[in-house]
Protein chains: 2
Amino acid sequence: MSFPASHPLTVAPTSRRELNKAATREAIALAALDFLRSGDLNTFTVDDVAEAAGVSRRTFFNYFSSVEAAVASFTQNYLDQVIVELEARPAGEPLLESAQIALSALGNAHDLGILAETFALTQDPQLSRFQLQAWDECSTKITQFARDRMPAGTDELFLFTLVGAVIGGGRAAFLVWFLEHGTDVTQASLSDLRNKLQAAISLIRQGFPN
Amino acid sequence: MSFPASHPLTVAPTSRRELNKAATREAIALAALDFLRSGDLNTFTVDDVAEAAGVSRRTFFNYFSSVEAAVASFTQNYLDQVIVELEARPAGEPLLESAQIALSALGNAHDLGILAETFALTQDPQLSRFQLQAWDECSTKITQFARDRMPAGTDELFLFTLVGAVIGGGRAAFLVWFLEHGTDVTQASLSDLRNKLQAAISLIRQGFPN
DNA sequence: TGCATCTTTGCACTTAGTGTAGCAATATGA
DNA sequence: TCATATTGCTACACTAAGTGCAAAGATGCA
């Protein structure tokens, strides 16, 4: 979970406690991911994950409400970053351009590799639910963002549809990318992901005249 | 669960057993909805729902894997209908037009009222996950449908983005509709929902040139 | 160092979810 | 109509999820 460290925007809350908590959180999430790599959900338990992460079962639940939630944290982190990037864009910039840039302002290769892996490992419906929720929460935040940046009184349906389409397109780009590259995250496949994200948003912008 | 009855497309499997099962399923889902109407998820248990539906706890789990899944069945039914409507459209028709028609070919007012209610009652993240999954499964089906109807060799990113945008727009229409009308399902609000669905798809078609 | 604050842990408890085997209802064929 | 095969329902037992609580341990601060 390199998110807090790589984005010291909020006063750098790098106290010992914060560091410890971040490390614990990451350890748990990684342990959960590791179990998923070698089997499906019902081949291991929360106790297993907790033990592997070196914490008690109770502490696991202090950080995540379930294994699924722990695995979804990687996606969550990426989307949180997208929001940060989005809010860093200049106010005058067209919204779809901001979205294009924010979505493809991807982190380092290692984090992205894990993100790609979660795509692979969360085909199980039980797991995919939590990914979907992460995207949905992101939608809500972007809608709020868009409402602030658009002219006052912009039609709500227009707003929601725009954001819904952007998120739908973003997920589409990730999905197609993953279908083509799997968990292979080279520099080349990364740049392809950026291309796909940009292409998807471009399609949204242009529309689909038949 | 009027779905099987109202769509006797598949040889009318109306045997006694089928009828009983459909009735039980509906009873369970309605019982779950009823408990949600008067409190949140953790104010009642599966046992409560089973008892209210007049079945054993074990039978509940024979039909649904959780209370959340039971509540999501209403959305599921609507989206299943959308797929049926979609597949009934002529092959030559432009895809977005088919989608527009299929999405707004809504069932009767009573079923829609319940659908609207589930929008209201599933703001709880625990519940919304299952709604999101229903929409996502619908996406997958529509993507397959679109692949079949588009020229062979159509770009996959184009396909996924188009479908992602359509589903995003569809959900946006429902959301805005619900935000405006709540669970009030009159003839007028229904026709507004149809308008919103059509408007959303139109936006997708036109695109968002800034 | 001593005290206040926050985090982790163990324990006990309720509820979720599932395998299994027997029982009840429906279907089928004469 | 009856006998029998098939399918669904139920009770029971069991593992694991998730949570409240209070004590112990770690960190922050003066």
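Every chain is numbered from 1 and lettered A, B, ... according to where its sequence line falls, protein lines coming before strand lines. Quick caveat, the model's predicted, so the values are computed rather than measured.
Among residues two or more places apart in sequence or in another chain, the side-chain contact (heavy atoms from CB on, under 4.5 Å) test is passed with T186(B) by D184(B), A188(B), S189(B). Take A23(A) and apply the side-chain contact (heavy atoms from CB on, under 4.5 Å) test, not counting sequence neighbours, and it matches no residue. Y78(B) is linked by a ring pair (Phe, Tyr, Trp, His ring centres under 6.0 Å) to F174(B), counting only residues two or more places apart in sequence or in another chain. The ring pair (Phe, Tyr, Trp, His ring centres under 6.0 Å) search around F44(B) returns F35(B), not counting sequence neighbours. Judged as a side-chain contact (heavy atoms from CB on, under 4.5 Å), and not counting sequence neighbours, the contacts of F158(B) are L203(A), F208(A), M150(B), T154(B), D155(B), L162(B). In terms of the side-chain contact (heavy atoms from CB on, under 4.5 Å) criterion, residue partners of S66(B) (sequence neighbours excluded) are, by chain and number, E68(B), A69(B), F130(B).
When only modelled atom types and interatomic distance are considered, N77(B) and Q81(B) share no side-chain donor-acceptor pair under 3.5 Å.
Distance R16(A) CZ to dC29(D) P: 14 Å, rounded to the nearest Å.
Within residues 34-45 of chain B, the residues that have a heavy atom under 4.0 Å from DNA chain C are, in order of number, T45(B). Scanning residues 122-131 of chain B for heavy-atom distances under 4.0 Å to DNA chain C yields an empty list. Applying a 4.0 Å cut-off to non-hydrogen atoms, the residues of residues 46-57 of chain B that approach DNA chain C are V46(B), D47(B), R57(B), listed by residue number.
Under 4.0 angstrom from either OP1 or OP2 of dA17(D) there lies no side-chain N or O belonging to S66(A). Under 4.0 angstrom from either OP1 or OP2 of dG8(D) there lies no side-chain N or O belonging to Y63(B).
Atom CD of E97(B) has more than 12 neighbouring heavy atoms from other residues, nucleotides or ligands inside a 6.0 Å radius.
The side chain to side chain donor-acceptor pair (under 3.5 Å) pairs that include a residue from residues 161-172 of chain B are D136(A)-R171(B), where partners are two or more places apart or lie in different chains.
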So which protein N/O to nucleotides 19-25 of chain C N/O distances come out below 3.5 Å?
residue	atom	partner	partner atom	Å
dG19(C)	N7	R58(B)	NH2	3.2
dG19(C)	O6	R58(B)	NE	2.9

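End-to-end axis angle for the helix from dT1(C)-dA30(D) to dA30(C)-dT1(D), using five pairs per end and rounding to 10°, comes out at 30°.
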